[in-house]
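What follows is a single structure, and I will ask about it in a moment.
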Amino acid sequence: MLSRREFVKGAAAIAVTAPFASGSCSGAKDAANHLIVGGLPVTCNLTLPVACMANAAGQKAGAGPKYQFEYSKYNGWPELKESLMSGRIQAAYMLAPLVMDLADKKIPVKIVSLGHRSGAVIMVRSESKVETFKQLSGKRVAIPSRFAVDFLFLRKMLAREDMDLRELEIVEMPPPDMPAALYANAVDAYCTGEPFGAAAQSAGYARPLRMTRDEWPKYICCVLTVREELIHDQAPMVQELVNQVLGAGHWLDAQQGNRDKAVQIAAQRDFFNQDPKILQYVMEHPTDRVTYGDLRMIRTEFEDLMRLSLAAGTIQHEIPYETYVEERFAESAQPATIAL
């Protein structure tokens with residue numbers, strides 16, 4: 001049994017700090033060529049700190065592009081959404097269904113790249129006898145948001161057992177709060193992205209009931225999203241950002257040593273500000289818990305995701321692919337060489 005001191009230490013290790021913590025990635029800033037990119041401290045966003053750090057390293061060596069990318073950490077999806085909608089930031093890693101909804105509502109945003117694949121888990125307590133979703137009937141299950149693809153993952157698993165969502169008590173909760181809620185028996189299970197599953201699992205009081213790596217390996221959730229005025233006014237900058245993100249993805253999946261380096265980068269105060277041991281656990285248990293090498297934007301995958309969101313009620317009608325995706329940057333991409 002985990003002691004209270006051990007639990008508090010583990011919870012603090014994954015806690016998110018200020019909602020708008022920002023880390024400079026490139027030293028002195030040239031306003032015309034400087035771009036802030038918002039993201040959450042989740043491993044689905046790991047390509048962003050790597051891309052940002054590699055960009056800065058290239059510039060320091062005199063070999064990098066002229067554009068400067070700065071990571072800005074947010075506390076949750078609502079704050080990040082508001083900043084992107086208002087134009088406070090021009091780019092961010094966002095939930096794919098949320099971008100679909102915003103674009104449909106005439107908010108000028110487009111998806112220009114994936115950020116990852118897989119990386120979601122449904123967690124229960126280690127001693128729980130739950131092995132099927134039927135056994136969760138009547139139980140309280142936490143989700144990050146009804147726009148989160150984690151929620152769609154839960155719905156897919158329920159459908160396999162001919163269950164209706166109304167058979168569960170669903171509560172929305174920030175992912176950093178989920179491990180503590182499970183530990184305190186405030187919820188019976190939770191569905192989220194990493195490292196908030198690994199945090200509880202590595203501490204010994206939770207286990208995965210299902211993982212997308214096994215059930216939905218092509219799962220996509222967080223996508224690189226930019227405002228349309230940035231596309232119109234600074235297309236070369238957007239292209240370089242996509243190149244850096246795709247390069248980061250290839251680099252992360254090339255070898256375990258690169259993932260080890262990425263953990264040390266992401267754990268820094270300027271980025272996720274989390275315990276590197278928990279991030280390392282995500283990268284190793286198992287090694288394909290989250291993957292980054294295949295960041296192709298495939299129309300049918302987005303359309304399937306849109307239909308799942310439609311069935312879930314988070315989207316009210318079918319939305320044309322071209323409304324929320326701009327493919328040209330991915331089609332023209334030349335993945336950057338990551339020298340870290």
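Sequence positions, counted from 1, serve as the residue numbers for this chain. Since the model is a prediction, treat every value here as computed from it, not as a measurement.
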Are L114 and M297 close enough that some pair of their side-chain heavy atoms sits under 4.5 Å apart?
->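 They are in contact (side-chain heavy atoms under 4.5 Å apart), so the answer is yes.
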Test side chain to side chain contact (heavy atoms under 4.5 Å, CB included) applied to E70 and L35, step by step = CA-CA 6 Å; E70 179 177 344; L35 180 66; over 6 Å; no
Quick one: closest heavy-atom pair of C44 and S118, and the distance?
->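 Result for this residue pair: SG-O, 4.1 Å.
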Measure the shortest side-chain to side-chain distance between W251 and K261 over non-hydrogen atoms and say whether it is less than 4.5 angstrom.
->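 Yes, side chains in contact.
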Should L136 and L209 count as side-chain neighbours, where that means a heavy-atom distance under 4.5 Å?
->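 Yes; the side chains approach each other to less than 4.5 Å.
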Can you name the nearest heavy-atom pair linking H250 to P335, along with the distance?
->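 Taking H250 first and P335 second, the nearest heavy atoms are CE1-CG, 3.5 Å.
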Under 3.5 Å, is there a donor-acceptor pair linking the side chains of Q244 and E240?
->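 A donor-acceptor contact under 3.5 Å links the two side chains.
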Going by heavy atoms in the side chains, are L305 and I220 under 4.5 Å from each other?
->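 Side chain of L305 against side chain of I220, heavy atoms only: contact under 4.5 Å found.
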Full working for side-chain hydrogen bond (donor to acceptor under 3.5 Å, both in side chains) between E284 and Q280 | CA-CA 6 Å; E284 294 180 345; Q280 192 72 43; 2.9 Å; yes
Does the side-chain hydrogen bond (donor to acceptor under 3.5 Å, both in side chains) test come out yes or no for Q68 and N55, once each step is laid out?
-> CA-CA 7 Å; Q68 303 171 337; N55 173 260; over 6 Å; no
Any idea which heavy atoms bring N75 and E79 closest together, and the distance?
->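 Closest heavy-atom pair between N75 and E79: CB-OE2, 4.0 Å.
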Assign the ring pair W216 / F153 to parallel, tilted or perpendicular, where the plane angle (0 to 90°) is split at 30° and 60°.
->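 Geometry flag for F153 against W216: tilted rings.
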If we only count heavy atoms from C-beta on, is the E303 to E318 side-chain gap below 4.5 Å?
->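 Not in contact.
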How close do A262 and V50 get, heavy atom to heavy atom, and via which atoms?
->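 Looking at all heavy atoms of both residues, the closest pair is CB-CG2, 3.8 Å.
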Once you round to the nearest 0.5 Å, how far does CZ of F147 lie from OG1 of T314?
->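 That separation rounds to 5.5 Å.
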Do the rings of F69 and Y67 sit parallel, tilted or perpendicular, given the 30° and 60° boundaries?
->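 The arrangement is parallel - the two ring planes meet at less than 30°.
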Within-4.5 Å side-chain heavy-atom neighbours: E172 and I143 =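 Yes, at least one pair of side-chain atoms sits under 4.5 Å.
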Enumerate the residue pairs fulfilling salt bridge (Lys or Arg N to Asp or Glu O under 4.0 Å) with a member in residues 183-202, sequence neighbours excluded, ordered by first and then second residue.
->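 Listed by first then second residue: E194-R289.
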Any side-chain heavy atom of V223 sitting closer than 4.5 Å to one from V99?
->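 Answer yes - side chains close enough.
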Working for salt bridge (Lys or Arg N to Asp or Glu O under 4.0 Å), residues D101 and K105 = CA-CA 6 Å; D101 185 62; K105 292 176 178 175; 3.0 Å; yes
Nearest-0.5 Å distance that lies between atom OG in S113 and atom CD in Q239 =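 S113 atom OG to Q239 atom CD measures 10.0 Å (nearest 0.5 Å).
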Salt bridge (Lys or Arg N to Asp or Glu O under 4.0 Å) partners for K106, two or more places apart |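 Residues passing salt bridge (Lys or Arg N to Asp or Glu O under 4.0 Å) with K106: none at all.
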Heavy-atom closest contact (W77 atom, C222 atom, distance) |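 Heavy-atom minimum between the residues: CH2-SG, 3.7 Å.
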What residues join I298 in its hydrophobic cluster, counting side-chain heavy atom gaps under 4.5 Å, either direct or through other members?
->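 Traced through the cluster, I298 reaches no other member.
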Residue pairs involving residues 326-340 (criterion side-chain hydrogen bond (donor to acceptor under 3.5 Å, both in side chains); sequence neighbours excluded) =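 Those involving residues 326-340 are Y321-E327.
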Stepwise, does the side chain to side chain contact (heavy atoms under 4.5 Å, CB included) test hold for L224 with I111?
-> CA-CA 6 Å; L224 177 58; I111 297 168; over 6 Å; no
Are L84 and M94 close enough that some pair of their side-chain heavy atoms sits under 4.5 Å apart?
->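 With C-beta onward as the side chain, the pair touches.
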Listed partners of D104 passing salt bridge (Lys or Arg N to Asp or Glu O under 4.0 Å), at least two apart |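 With neighbours one apart ignored, the set is empty.
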Measure the acute angle between the ring planes of Y71 and F271, then classify it against the limits of 30° and 60° as parallel, tilted or perpendicular.
->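 Geometry flag for F271 against Y71: tilted rings.
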Pairing residues for D294 by the side-chain contact (heavy atoms from CB on, under 4.5 Å) criterion, not counting sequence neighbours |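 With neighbours one apart ignored, the set is R117, K218, R296.
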Tell me, with the steps shown, if R259 and D253 meet side chain to side chain contact (heavy atoms under 4.5 Å, CB included).
-> CA-CA 7 Å; R259 288 184 166 224; D253 277 9; 2.8 Å; yes
If you look at every heavy atom in Y93 and L48, which pair is closest and at what distance?
->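 Minimum heavy-atom contact is OH-N, 3.7 Å.
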What is the distance from atom CE of M237 to atom NE2 of H34, rounded to the nearest 0.5 Å?
->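 M237 CE to H34 NE2: 8.5 Å, rounded to 0.5 Å.
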Report the distance from atom CD of E228 to atom CD1 of I107, rounding to the nearest 0.5 Å.
->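 Taking CD in E228 and CD1 in I107, the distance rounds to 10.5 Å.
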